[in-house]
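A note on names: the letters A, B, ... follow the listed sequences, proteins ahead of strands, and every chain is numbered from 1.
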Amino acid sequence: MLTLLAKLFAALNSEDSPIQISFGFAFGMILGLTPTMSLHNLIVLFLVLLFRVNLGGFFLSFAFFSLFSLAFNPIAASLGETLLNHADLAGFWQAAYQITAMKLAHFHHTLTLGSLVIALAAFAPLIFLSQFLIKKYRVTIKAHIEKFKIIQWLKASRFYRIYQGVTGV
Amino acid sequence: MKKIIRVPGLVTFFAVVSLLGAFIYFYAESIAKASIEQGLGWYLGAEVNVESVNIGWSPFVVKVNQLQATDAAAPELNLVQFASASAGVDLGQYLLGKIIIEEVTVESLGFAKKRAQPGAVYRPPEQSIIDELNDSVEEQVKPASLELPDPTKLLDDSNLKTVKAAKHLEATYRTEKATLEQIQQQVPDQARLKQYEAEVKKITNAKIDSIADVQKLSQQLQELKAQFNKDKAAIKQAKTQITTAKTNLQNAVSDLRKAPEQDWQDIEQTYQLDNLDAADFAHMFFGEQARVLYDKAMAIYHKIKPLIDSHQENKEAAKQKAQAASQYGKFIHFKDDNPLPELLVRKALFSLSLPAGEFELSMLEGTHQHWVRNQPTQLAVTAQQLAMGGQFDMNSELRLSPEQKIAASGQWQMSDLTVSETQLSDSDNLKLALTESALHGKGQFELNHDQVDSVSHIELRQPKLDGSSASSWGQSVVDGLKEMDNIAFQIDAKGAVTAPEIDIHSQLDEVLRKAVQRQLQARLNKFKGKVQSGLNDKLASALKLEDSANADLLNIDSLLNNGEETLSKLLESKVESYVEKQVEQKLQDKVGGELKKLFGDKKLPF
């Protein structure tokens, strides 16, 4: 059981370069900020599984941004409503409304549209910011955290030894 | 490429999707079967059996075979069953929250059929739909009561005007009689008048010797005069009272004389004997049957109405929805080039197996949001071979407005239905059965919200009737009906759908009226004679009072008139002038005597 868990943990953290972790954070943000059961999230999931994206970071980001969305939703819904009711975009929305796939994607839902627009807008900046912070973390903070008692206790545990065996570290 | 693409992940993704797809493909039918049995069973509270479910994926069609749903109120029967039902659903629209069914076909739909073995009941049932439909059937057809009422019973009725008028006359007579007795005591009778005459004679025959005698006589005369005037005044008052008593008695007698006729009119009206032209035999025989059918239709209407009404969003739900929109978002809809309602059945075909026969029902554009596509629901029902023989077909259109107002119209016709062994009347006085006839009919109807307007023409061709009656006039009804080759009637229903005015017109009225009128008239005359004789007897015994009262009045009148005349004569008699003359004579004699004493026999200068 512990071996299986260790292998799963290893798999989740196999892609550990800053860019892979950053993409994991960014995709997790999209999944977390937007309504989970939406068509675009199926695409996000597919992309996460297809590309070598850090899954641990993806799930961590998803959890974090899901909590954040509780306070964020009214703003996103308001933005979505503004966009959908905008006179200059009426023709575009009218044309998109005739496409079944677009309706299935719930683009005409205020929260879905608003949160997706914000998530897409923040996608690239989050990647760059995450990369910067990860590098910074590895250089300055990581050594400091490894001194914590709890980290030392975890590293001394049997689970960590199995994990090291699986990853070959 | 390996650095970017996670091949195991891709494989996992497709493996998961494939597994999911395979699971759905292989188990969807079993899951659907179990879902229908469990879900429908929970909803109905009784066992539901499905033989199998077949799913076609392209296009997406679900076919349910051999469904039987137990009636919780009668577990040995099925509430509903069918041989097979298939529905093709647009999956894309279903994912958008709309149920668009391309075609629904139901074969051998039946209700209240016997099960092979009783089904399980999961919870106490409400009244079953079958019982409810049966309860709506008007089983108590009041038999046409063609029997005349019992005259003796009628005459014993204390509410008869004759009886009341007689009692009033009696009371008036008693009151006026008491008044008359009082009057008799106050006015002078014959004895007193004779006494007055004797006193006047006494005065006129009285010997006057002196002035004192004259004075005494004069005083007696004045006293007598006063008494006469007093009696005269009493007589005058009595005459006024007599007039009033006469008027009261006359009025009471007049009311009594009118009462029997009024009573007869009331009896005629109560028992509908007054106007045979209005006797609606068609309504008596068929009216209740027509209402039976209408009540059945109303039961179905009341079942459907809550489903229509529940679609309306109430204001409270709308308010809550607005509040949720700010937290969870809302859908903003644009103009759809091809708008679709939330539920649409483009085409439906049902074959129904009912006790009345095998029916084919087809429906186009079945929806509850007709304004979206601006097309009505079209319904057509046909039956080529009814249990009673013959054919039936009906076409109608139905439309619901956004305000949930129904507008429907249609026409129907039936032909060559064999009607047999139908009891039309089963009263003690009249038994009438339709043994055989061919039934034809056609009609049309319109429904606008809660107003219905329908006209139906029904025809019984070559009717064979069997009946008998204990009474002669009832027999004439039977004979009249037997002579008819064709019985046609028209049923109009107009007004509020919950309580329309139903008119039934038929040539039956005229034909039967004539046939019955002859028989009935003689009996009516006899009855009328008996009742009126009874009323007259009551009148006569009451009028005996009038004779007594009249006799009393005449006596008093005569007494008063005699008294007045006598008193007047007495008053006008010469007794007063006689007394005055006597006084004058005596005075002259006295003066003469005194003067002679003074002057002797000398002649006086004056």
> Has B:Phe331 got more than 12 heavy atoms of other residues, nucleotides or ligands less than 6.0 Å from its CZ?
Replying inline: yes
> Going through the distances and angles, do A:Leu55 and B:Arg6 end up as a side chain to side chain contact (heavy atoms under 4.5 Å, CB included)?
Replying inline: CA-CA 11 Å; A:Leu55 292 173; B:Arg6 196 204 317 265; 3.8 Å; yes
> Any residues in residues 32-46 of chain B near chain A, with a heavy-atom distance under 4.5 Å, and which are they?
Replying inline: none
> Do A:Gln20 and A:Ser17 have side-chain atoms, one donor and one acceptor, less than 3.5 Å apart?
Replying inline: yes
> In terms of heavy-atom pairs under 4.5 Å, which option from B:Leu95, B:Asp337, B:Asn338 contacts chain A the most?
Replying inline: B:Asp337
> chain B heavy atoms under 4.5 Å from A:Leu70: which part of the residue, side chain, backbone, both or neither?
Replying inline: backbone
> Who are the salt bridge (charged side-chain N to carboxylate O under 4.0 Å, His left out) partners of B:Glu51, not counting sequence neighbours?
Replying inline: none
>> Rounded to the nearest 0.5 Å, what separates atom CD1 in B:Ile55 from atom OG in B:Ser86?
In response: 13.0 Å
> Heavy atoms under 4.5 Å from chain B: which residues of residues 34-43 of chain A carry them?
Replying inline: none
> Which members of residues 86-108 of chain A, sorted by number, sit under 4.5 angstrom from chain B on a heavy-atom basis?
Replying inline: A:Trp93, A:Gln94, A:Tyr97, A:Gln98, A:Thr100, A:Lys103, A:Leu104, A:His106, A:His108
>> Taking the basic N atoms (NZ, or NE/NH1/NH2) and the acidic carboxylate oxygens, is any pair closer than 4.0 Å for B:Glu102 and B:Lys347?
In response: no
> Is the A:Phe62-A:Phe27 ring centre distance short of 6.0 angstrom?
Replying inline: no
> Roughly how far apart are B:Ile406 CD1 and B:Asn448 CG, rounded to 0.5 Å?
Replying inline: 10.5 Å
>> Is a donor from one side chain sitting under 3.5 angstrom from an acceptor on the other, for B:Gln369 and B:Thr367?
In response: no
>> As an exercise, state the distance from CZ of B:Phe14 to CG of A:Leu49, rounded to the nearest 0.5 Å.
In response: 10.5 Å
> Is it true that the side chains of B:Asn65 and B:Ser52 contain a donor and an acceptor less than 3.5 Å apart?
Replying inline: yes
> Quick one: CG on B:Leu379 to OG on B:Ser396, what's the gap to the nearest 0.5 Å?
Replying inline: 4.5 Å
>> Closer than 4.0 angstrom, basic N to acidic O: yes or no for B:Lys98 and B:Glu342?
In response: no
>> Would you compute the distance between atom OG of B:Ser351 and atom CZ of B:Phe82 and round it to the nearest 0.5 angstrom?
In response: 11.0 Å
